[in-house]
Amino acid sequence: MSENMARPTKTQVRQEMPTQDPQVRNTNYNEVALGYTDELALAEASRCIQCKKPRCVTGCPVEVRIPEFIKALREGDMWGAVDALKDKNNLPAVCGRVCPQETQCEELCVLARKGAPVAIGRLERYVADWERQQGIKIPERAISCGRSIAIIGAGPAGLTCAGDLAKMGYQVTILEALHSPGGVLIYGIPEFRLPKDVVRAEVEYVKSLGVEIKLNSVVGKLYTIEELLAEGYDGIFLGTGAGLPMFMDIPGENCNGVYSANEFLTRVNLMKAYRFPEFDTPVKVGKVVAVVGAGNVAMDASRCAKRLGAEEVHIIYRRSREEVPARAEEVHHAEEEGIIFDFLTNPVEIHGGEGNWVTGIRCMRMALGEPDASGRRRPVAIEGSEFDMDCQTVIMALGTRPNPLVFSDAPRLERTRYGTVVANEQTGRTKMECVWAGGDIVTGAATVISAMGAGKRAAADMHAYLCSDRSEPWWQEPAA
Amino acid sequence: MYEILSKQDVAPVSKLFVVSAPEIARKAKPGQFLIVRTDAEGERIPLTIADFDREAGTVTMVFQEVGKTTKQMGKMEAGDVLSDVVGPLGLPSEIEYYGTVLCVGGGVGIAPVYPIARALKAAGNYVISIIGARNVNLLFWEDKMRSVSDELIVCTDDGSYARKALVTEPMKELLGSVRRIDRIWAIGPAIMMKFCTLTSKPFNVPTIVSLNSVMVDGTGMCGACRVEVGGQTRFVCVHGPEFDGHQVNWDLLLSRQRMYLTEEKRATEEYDHECTCGTRAV
Ligand SMILES: Cc1cc2nc3c(=O)[nH]c(=O)nc-3n(C[C@H](O)[C@H](O)[C@H](O)COP(=O)(O)OP(=O)(O)OC[C@H]3O[C@@H](n4cnc5c(N)ncnc54)[C@H](O)[C@@H]3O)c2cc1C
Ligand code: FES
């Protein structure tokens with residue numbers, strides 16, 4: 001179809017996706033966004049003008065064949081749509097739900113200039129959900145190439161890398177520290193945003209390719225990287241993410257009722273504390289909850305706190321609305337659900353009372369000064385602006401760094417001062433021969449899709465390297 | 001799945017499991033711990049490694065039935081399986097030749113002290129051990145402890161067995177005597193460890209304690225286990241569980257251990273109720 005031909009008037013109206021009523025959903029854990037109906041999906045798909053040089057594809061970290069899958073979808077060829085989508089993306093049902101499309105594919109959509117890009121993410125979700133309802137096609141197992149790979153961490157990076165290598169005939173074993181695979185998708189992102197059945201189905205798909213997942217296997221403790229290589233694995237991929245929580249280092253942070261977002265979300269999502277006492281793990285939520293930070297993690301924590309019965313949930317963020325790093329949709333949903341945003345506010349102390357329980361938080365008002373290294377205006381404290389706010393729960397959602405546990409006895413793996421692994425972003429090669437890495441462990445906390453992209457690129461390079469005569473040097477400084 | 005190969009009642013409310021976990025056994029060292037989950041609805045609880053057998057591929061855990069999870073475990077038998085066992089977690093004890101060492105185990109803390117005492121003895125130390133419990137029903141492993149100690153003192157708080165004393169009493173006598181004690185390990189309930197460190201402080205003998213904080217993952221990713229040591233926040237699961245007892249902020253630990261008291265009570269009561277009414281098969 002040419003660009004000239006497709007100019008239906010419908011291109012103006014972007015189809016909204018039905019959601020649960022905000023005042024109902026903020027008391028349950030069912031999925032918030034309900035997905036397109038067939039009619040809505042077709043109407044939205046017909047907005048795509050099928051550009052000859054699709055810019056959307058260049059905005060996608062794994063270069064999903066967007067126009068092709070949308071074309072197939074609107075022609076009623078659903079399996080064709082699935083194939084086009086899955087050609088580049090093993091986890092479309094996840095990505096359709098959690099990718100920040102507005103800064104990736106949809107930002108570059110030509111219709112975005114008119115303010116209403118094609119809702120690519122919603123269409124992706126629609127196709128992936130359709131496939132899941134049909135029962136996912138079990139792919140044929142590839143013929144073994146006789147080489148074995150150990151993948152450390154069953155998050156999006158590890159699962160993607162494993163899937164691709166299995167398709168190429170490698171014997172792949174994933175070693176995962178937790179009792180459930182999925183990484184952040186299972187322990188961090190809540191059920192109401194990403195149902196765990198969706199994650200499980202994606203994990204089952206990877207397993208159906210012949211990948212073995214060994215749970216409860218903490219690398220650095222149960223085995224070291226050196227031992228795995230010595231045991232005969234031909235290559236190792238590190239995809240252990242960025243799971244180390246940060247704290248502010250302010251007085252009162254160890255009071256009862258102060259959580260890292262990781263702990264809070266792990267209790268709620270992985271351990272299902274929202275169904276206590278049916279599930280054994282408890283979580284504490286006071287009447288007033290203060291969540292510090294404004295990324296996706298903070299949005300998830302605040303919305304969980306609301307669902308657990310908090311009357312008032314505040315997001316405390318030291319910058320302004322413009323700098324909020326969370327996905328636009330999450331901020332929008334949080335506001336709809338009654339989360340209060342306190343911008344230009346920064347905690348300086350947590351007050352503890354009887355039994356060392358949190359009673360309140362002291363904050364300062366901030367103003368935006370000169371731009372800092374990140375290009376965003378640096379928040380500066382306004383002198384004398386301290387004020388106290390009563391609260392019984394504080395959740396620190398300040399970002400995370402790679403957990404150093406996996407590096408025990410691996411001195412040859414070079415790391416940056418932020419604790420991330422030094423790796424070539426194109427190939428995933430680390431400074432240690434036969435060890436690749438990708439995802440949050442290399443970039444620091446980023447996105448699901450960028451972790452998947454890294455897993456894919458590493459799988460390709462692993463195959464290229466392991467099949468080569470290895471005459472080329474292992475490490476080459478990446479081109480600036 | 002991790003099979004329970006044998007179960008033993010070491011004391012009326014303290015049970016011992018020998019569990020098949022060959023890979024963990026291969027790596028386990030004294031002082032480290034495990035995270036255990038009984039079933040799909042279960043919580044992850046930390047248990048210190050009470051013993052391990054690399055050849056047989058087993059790890060041993062001892063637990064006191066205090067809350068829902070441990071009571072539920074108490075009902076499990078040889079042949080049953082634990083859904084998850086993770087380990088060996090935490091840093092191992094620093095075993096070397098110190099000279100004369102004192103190993104103090106209180107209550108369920110006797111279990112983790114045993115492999116430490118054994119390793120210290122094997123490293124050539126003169127090992128004096130003190131084991132104690134509130135009453136005789138909570139006491140166990142006297143024989144095992146005797147077999148790895150040059151001297152053993154046994155006491156109960158209420159005098160229902162052996163000497164009537166808190167473990168800190170014989171500890172103080174030993175420290176006050178002419179013998180030189182080079183290092184102390186004290187493991188048990190937080191309050192006992194606190195008083196052991198207060199006892200040894202005036203004598204300036206380094207005292208290692210094994211902290212039992214609340215945990216979730218046990219790998220450093222949540223911070224539930226944070227404690228203050230020497231004025232700094234530390235994660236028990238990765239920086240510990242052993243720390244210099246004289247540096248620990250005990251009041252903080254004690255208050256943090258009580259964080260879920262209401263919930264634990266509720267879960268335990270509901271569990272006890274279900275058990276007596278038989279509404280749920282266990
Ligand atoms: C609450 C929350 C919400 C988010 N929301 C979004 C969103 O909406 N959209 C988006 O794109 N991104 C989001 N992100 C970011 C995204 O989830 C991550 O960037 C992505 O999951 C990184 O993938 P990964 O595979 O690198 O690591 P992870 O997903 O972190 O997976 C790492 C895995 O490795 C395991 N592991 C760690 N150490 C070891 C070890 N020593 N041995 C064995 N296994 C180990 C971990 O248990 C884990 O399963 C969110 C993150 C969080 C925390
Ligand atoms: S138990 Fe989670 S960090 Fe220690």
Side-chain angles (χ1 to χ4, degrees), chain A residues 176-180 187-188 214-224 227 240-247 249 253-267 270-273 275-284 352 354-357 396 400 402-406 408, chain B residues 2 21 23-24 26-27 32 34-35 37-45 67-69 72 83-90 214 216-228 232-233 235 237-238 249 251-264 266-271:
Chain A
E176 166 57 47
L178 290 172
H179 59 254
S180 206
Y187 79 75
K214 282 175 82 176
L215 301 171
N216 297 329
S217 303
V218 184
V219 177
K221 288 290 170 188
L222 201 55
Y223 333 88
T224 64
E227 283 168 353
T240 51
L244 191 76
M246 298 281 119
F247 287 93
D249 221 1
E253 230 173 357
N254 292 332
C255 284
N256 283 345
V258 182
Y259 287 103
S260 72
N262 260 10
E263 178 184 357
F264 186 76
L265 291 170
T266 300
R267 283 180 180 274
L270 179 69
M271 307 308 297
K272 306 248 178 299
R275 286 164 68 183
F276 178 86
E278 180 197 346
F279 284 74
D280 293 338
T281 305
V283 70
K284 285 271 196 190
E354 211 189 309
N356 195 34
W357 280 97
M396 293 292 178
T400 50
N403 188 336
L405 205 59
V406 69
S408 331
Chain B
Y2 302 78
E23 294 195 307
I24 301 178
R26 197 170 49 102
K27 275 295 181 86
Q32 292 186 297
L34 308 165
I35 291 269
R37 201 170 72 120
T38 50
D39 55 35
E41 287 83 41
E43 55 181 341
R44 296 168 63 101
I45 62 159
K68 178 183 169 185
T69 302
Q72 213 173 0
S83 102
D84 304 284
V85 179
V86 194
L89 299 172
V214 170
V216 183
D217 58 298
T219 63
M221 65 164 262
C222 79
C225 61
R226 53 199 200 281
V227 291
E228 238 173 70
Q232 271 194 330
T233 296
F235 288 9
C237 68
V238 287
N249 180 341
D251 294 340
L252 182 74
L253 175 69
L254 284 160
S255 73
R256 286 186 65 83
Q257 283 182 340
R258 284 194 285 267
M259 189 150 160
Y260 296 100
L261 219 55
T262 356
E263 287 76 13
E264 280 161 21
R266 175 166 165 214
T268 309
E269 277 168 9
E270 285 190 20
Y271 176 73

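Chain identifiers are assigned alphabetically (A, B, ...) following the order of the sequence lines, protein sequences preceding nucleic acid strands; residue numbering begins at 1 within each chain.
The heavy-atom pair separating B:Gly42 from A:Met271 by the smallest distance is O-CE, 3.5 Å. Closest approach of B:Glu263 to A:Phe276, counting heavy atoms only: O-CZ, 3.4 Å. Heavy atoms only, all atoms of each residue included: A:Lys221 and B:Gly90 are closest at NZ-O, 2.9 Å. When all heavy atoms are compared, the tightest approach of A:Glu263 to B:Arg226 is OE1-NH1, 4.4 Å. For B:Gly223 against A:Pro245, the heavy-atom pair with the smallest separation is N-CG, 4.4 Å.
Heavy-atom distances place no part of A:Phe264 under 4.5 Å from chain B, backbone and side chain included. B:Thr38 does not touch chain A: none of its heavy atoms, backbone or side chain, sits under 4.5 Å away. Using a 4.5 Å cut-off between heavy atoms, B:Glu23 contacts chain A through both its backbone and its side chain. The parts of B:Ser255 that come within reach of chain A are both its backbone and its side chain, each placing non-hydrogen atoms under 4.5 angstrom from that chain. Using a 4.5 Å cut-off between heavy atoms, A:Lys272 makes no contact with chain B at all. Contacts between B:Arg266 and chain A at a heavy-atom distance below 4.5 Å involve the side chain alone, from C-beta outward. For chain B, the nearby parts of A:Val258 are the backbone and the side chain; heavy atoms of each come within less than 4.5 Å.
Salt bridge absent: B:Glu41 and A:Arg275 never bring a charged side-chain N and a carboxylate O closer than 4.0 Å. For B:Arg26 and A:Glu227, the salt-bridge test fails: no basic side-chain N is under 4.0 Å from an acidic carboxylate O.
Ranking B:Ala40, B:Pro88, B:Ala267 against chain A, the residue ahead of the rest is B:Pro88, based on heavy-atom pairs under 4.5 Å. Ranked by heavy-atom pairs shorter than 4.5 Å toward chain A, the options B:Glu228, B:Glu264, B:Glu43, B:Arg258 are led by B:Glu43.
Remark: of the listed residues A:Asn262, A:Thr266, A:Thr281, A:Thr266 is the sole one forming a side chain to side chain contact (heavy atoms under 4.5 Å, CB included) with B:Val216.
Looking only at distances, a side-chain donor or acceptor of A:Asn403 sits under 3.5 Å from a matching main-chain atom of B:Thr219. Under a 3.5 Å cut-off, the side chain of B:Arg256 and the backbone N or O of A:Asn254 do form a donor-acceptor pair. No side-chain donor-acceptor contact under 3.5 Å links A:Asn216 to the backbone of B:Asp84.
Applying the side chain to side chain donor-acceptor pair (under 3.5 Å) criterion to B:Arg44, with sequence neighbours excluded, gives A:His179.
Between A:Phe247 and B:Phe235, the two ring planes are perpendicular [angle over 60°; tilted spans 30° to 60°].
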